[in-house]
Amino acid sequence: MDFNPYKRFYDVIRKIPPGRVATYGQVARLAGMPAHARQVGYGLSHAKDYALPWHRVVNAKGEISRRGAPGAKEKQQTLLEKERVEFSPQGRINLSRYQWHVGRE
DNA sequence: GGTCTGACTAGGT
DNA sequence: AACCTAGCCAGAC
């Protein structure tokens, strides 16, 4: 079992309930590392062997962040829509409505 | 050890 | 609202 330095982020991400989203910066703050928003995204690309609801993490604008793999963006949106998260025609999520707040469902 | 990169952000225009 | 910039920090070379 290999130790992964991003485990703290994963622990936070695992707590995001279905139908809710969290931002990279939010995950970093909840993990006690407020200046590591970029590392959250970087760590997720390394998280293949972990069962994580990675699709519930979006950027501060409520958009799905770009990455190398084509099609991954559509996949993430599909997964969220299955949880009844709504997207605007421009592919944005209304964070004031869907952002996760600790202690709240 | 310097430089570049990137699933990020906040603040200014 | 879109665009730009500076600040951010671990990894890869």
Side-chain angles (χ1 to χ4, degrees):
Chain A
M1 169 89 117
D2 64 312
F3 173 75
N4 190 309
Y6 295 116
K7 189 179 184 311
R8 282 156 83 56
F9 298 143
Y10 301 157
D11 287 340
V12 172
I13 293 169
R14 270 191 274 264
K15 291 177 187 163
I16 306 172
R20 289 278 175 189
V21 298
T23 68
Y24 296 95
Q26 181 184 6
V27 171
R29 281 196 307 278
L30 291 174
M33 305 167 79
H36 290 62
R38 308 184 74 146
Q39 275 44 264
V40 174
Y42 191 81
L44 280 183
S45 68
H46 262 259
K48 304 171 184 168
D49 299 324
Y50 296 77
L52 290 172
W54 57 272
H55 57 283
R56 297 187 191 132
V57 184
V58 299
N59 67 31
K61 299 179 216 158
E63 298 171 325
I64 292 171
S65 294
R66 289 211 166 238
R67 76 209 60 168
K73 185 174 155 193
E74 289 76 8
K75 181 180 177 186
Q76 181 169 0
Q77 178 165 342
T78 299
L79 287 171
L80 287 173
E81 288 177 331
K82 277 186 196 165
E83 299 182 350
R84 302 183 328 189
V85 172
E86 296 178 308
F87 283 76
S88 73
Q90 315 158 325
R92 300 248 299 273
I93 297 169
N94 183 338
L95 288 182
S96 65
R97 184 149 95 167
Y98 290 104
Q99 183 167 25
W100 170 50
H101 297 289
V102 178
R104 207 179 109 194
E105 181 185 332

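Please read all numbers here as calculations on a predicted model, not as lab measurements. To find a chain, count down the sequence lines: A is the first, B the second, and so on, and within it residues start at 1.
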Could you run down the sub-3.5 Å N/O contacts of the protein with nucleotides 5-9 of chain C?
unit_1 : atom_1 : unit_2  : atom_2 : d
C:dG7  : O6     : A:Arg38 : NH1    : 3.4
C:dC8  : O2     : A:Arg38 : NH1    : 3.2
C:dC9  : O4'    : A:Gln39 : NE2    : 3.3
C:dC9  : O2     : A:Gln39 : OE1    : 3.4
C:dC9  : O2     : A:Gln39 : NE2    : 3.4

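- Annotation: salt bridge (Lys or Arg N to Asp or Glu O under 4.0 Å) contacts of A:Arg92 (sequence neighbours excluded): none.
- Spacing between atom CD1 of A:Ile13 and atom C1' of B:dA7 amounts to 10 Å, rounded to whole angstrom units.
- For the pair A:Lys61 NZ and C:dA1 P, the interatomic distance rounds to 11 Å; values are reported in whole Å.
- Side-chain proximity of A:Arg92 to B:dA7, C:dA1, B:dC8: nearest is C:dA1.
- Not a single side-chain contact (heavy atoms from CB on, under 4.5 Å) links A:Arg84 to another residue, sequence neighbours left out.
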task = Just do the side-chain contact (heavy atoms from CB on, under 4.5 Å) check on A:Leu52 and A:Arg14 with the steps written out, would you?
result = CA-CA 6 Å; A:Leu52 290 172; A:Arg14 270 191 274 264; 3.6 Å; yes
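- A:Gln39 pairs by the side-chain contact (heavy atoms from CB on, under 4.5 Å) definition with A:Tyr6, A:Phe9, A:His36, not counting sequence neighbours.
- For B:dA7, the OP1/OP2 oxygens have no side-chain nitrogen or oxygen of A:Tyr6 closer than 4.0 Å.
- In this structure A:Glu86 satisfies the salt bridge (Lys or Arg N to Asp or Glu O under 4.0 Å) test together with A:Arg97, sequence neighbours excluded.
- Evaluation of the ring pair (Phe, Tyr, Trp, His ring centres under 6.0 Å) rule for A:Tyr98 yields no partner, not counting sequence neighbours.
- Shown here are the side-chain contact (heavy atoms from CB on, under 4.5 Å) partners of A:Ala72, two or more places apart in sequence or in another chain: A:Arg67, A:Ala69.
- Contact check of residues 14-32 of chain A against DNA chain B (heavy atom, cut-off under 4.0 Å) returns A:Thr23, A:Tyr24, A:Gly25.
- For B:dG6, the OP1/OP2 oxygens have no side-chain nitrogen or oxygen of A:Ser45 closer than 4.0 Å.
- With sequence neighbours left out, A:Arg20 forms a side-chain contact (heavy atoms from CB on, under 4.5 Å) with A:Ile16, A:Pro17, A:Trp100, A:Arg104.
- In this structure, A:Arg66 places its CZ atom 11 Å from P of B:dA7, rounding to the nearest Å.
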